[in-house]
Amino acid sequence: MDSLQHHFLIAMPNLKDPFFAGSVTYVCEHNDEGAMGLVINIPVDMPVHELLNQLDMLPEDAPRELEEPVLQGGPVATDRGFVLHSPVTGFNSSQMLADDLMITTSPDVLETLGTAQAPEQYLVALGYAGWTPGQLEQELTENNWLTVPADTQLLFNTQLAKRWHQAVGRLGIDSQHLSSQVGHA
């Protein structure tokens with residue numbers, strides 16, 4: 001099995017699941033035990049500053065980047081937060097995903113957002129997407145997803161509404177040419 005860790009899953013037009021329709025998912029982990037990822041282009045109706053305020057972690061004079069939306073990371077554990085960010089060490093529960101990307105699940109990363117100690121680039125998601133062993137591979141054979149290697153440019157520097165089209169474009173495909181019809185040659 002080839003791992004899709006540090007890849008984007010791009011939802012095909014025929015994928016109608018309400019959590020994943022039109023989504024781009026960053027794959028954090030993929031191995032024989034299954035897969036875990038975060039949807040990176042579907043916002044919840046809450047900016048980061050509001051989440052921090054609810055957790056009593058909002059810094060005084062909150063900077064503009066805290067206006068960014070919190071993302072719907074997926075349908076599993078929607079009460080848990082995940083922060084994808086540029087490398088910064090010292091958080092209680094972090095893991096390197098690539099040379100230029102980490103994930104942190106401990107609240108101490110949230111305490112730094114809006115301060116000089118915050119990661120240079122980050123996104124905050126609630127919940128995650130999870131697949132049991134073989135489930136993602138089955139969904140790939142059913143033409144539910146396209147895959148492309150991940151990059152931080154799309155993660156952090158592309159507007160949410162453009163992430164799906166930009167991800168498809170990385171494959172050299174015009175998104176208007178994708179069909180919702182499924183078939184096998």
Side-chain angles (χ1 to χ4, degrees), residues 2-12 15 19-31 35-49 51-52 63-78 80-91 93-110 112-115 117-131 136 140 144-173 175:
D2 290 334
S3 176
L4 291 174
Q5 183 169 327
H6 195 58
H7 278 70
F8 293 127
L9 298 177
I10 307 161
M12 289 289 287
L15 185 57
F19 276 101
F20 298 108
S23 70
V24 178
T25 302
Y26 174 79
V27 180
C28 301
E29 186 172 40
H30 182 221
N31 55 39
M36 179 268 184
L38 298 174
V39 176
I40 62 155
N41 67 323
I42 300 176
V44 295
D45 191 23
M46 177 189 311
V48 171
H49 72 81
L51 174 68
L52 295 178
R64 184 167 179 79
E65 72 258 16
L66 295 181
E67 293 294 325
E68 291 295 315
V70 174
L71 301 177
Q72 172 189 284
V76 181
T78 56
R80 285 190 58 201
F82 300 85
V83 180
L84 283 177
H85 60 88
S86 52
V88 173
T89 58
F91 298 123
S93 184
S94 295
Q95 178 181 344
M96 288 296 293
L97 300 172
D99 290 342
D100 56 355
L101 189 64
M102 296 180 79
I103 187 170
T104 299
T105 57
S106 54
D108 54 345
V109 69
L110 296 174
T112 70
L113 301 185
T115 73
Q117 291 76 39
E120 184 177 327
Q121 297 180 300
Y122 61 86
L123 61 83
V124 178
L126 294 176
Y128 69 94
W131 293 266
L136 179 55
L140 288 164
N144 288 325
W145 303 102
L146 294 172
T147 64
V148 64
D151 66 77
T152 56
Q153 177 65 29
L154 193 133
L155 270 173
F156 299 124
N157 301 318
T158 303
Q159 294 174 358
L160 291 181
K162 295 182 179 182
R163 288 182 182 175
W164 187 86
H165 292 287
Q166 293 285 325
V168 171
R170 283 173 165 68
L171 292 168
I173 300 170
S175 60

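- Within 6.0 Å of CD in Q153 there are more than 12 heavy atoms belonging to other residues, nucleotides or ligands.
- Residues forming a side-chain hydrogen bond (donor to acceptor under 3.5 Å, both in side chains) with H7 (at least two apart in sequence, or on another chain): none.
- Not counting sequence neighbours, D99 has no partner by the side-chain hydrogen bond (donor to acceptor under 3.5 Å, both in side chains) test.
- For Q95, the side-chain hydrogen bond (donor to acceptor under 3.5 Å, both in side chains) criterion is met by no residue, not counting sequence neighbours.
- Remark: F19 engages no residue in a ring pair (Phe, Tyr, Trp, His ring centres under 6.0 Å) (not counting sequence neighbours).
- Remark: S86 engages no residue in a side-chain hydrogen bond (donor to acceptor under 3.5 Å, both in side chains) (not counting sequence neighbours).
- Residues satisfying the side chain to side chain contact (heavy atoms under 4.5 Å, CB included) test with Q166, not counting sequence neighbours, are L154, T158, K162, R170.
- Residues passing the ring pair (Phe, Tyr, Trp, His ring centres under 6.0 Å) test with F156, sequence neighbours excluded: none.
- With sequence neighbours excluded, no residue forms a side chain to side chain contact (heavy atoms under 4.5 Å, CB included) with T78.
- Scanning for side chain to side chain contact (heavy atoms under 4.5 Å, CB included) contacts around I42 gives S23, V39, Q72, with sequence neighbours left out.
- For the ring pair (Phe, Tyr, Trp, His ring centres under 6.0 Å) test, no residue two or more places apart in sequence or in another chain qualifies with W131.
- Looking at residues two or more places apart in sequence or on another chain, you find a side chain to side chain contact (heavy atoms under 4.5 Å, CB included) between H49 and P47, L58, L66, E67.
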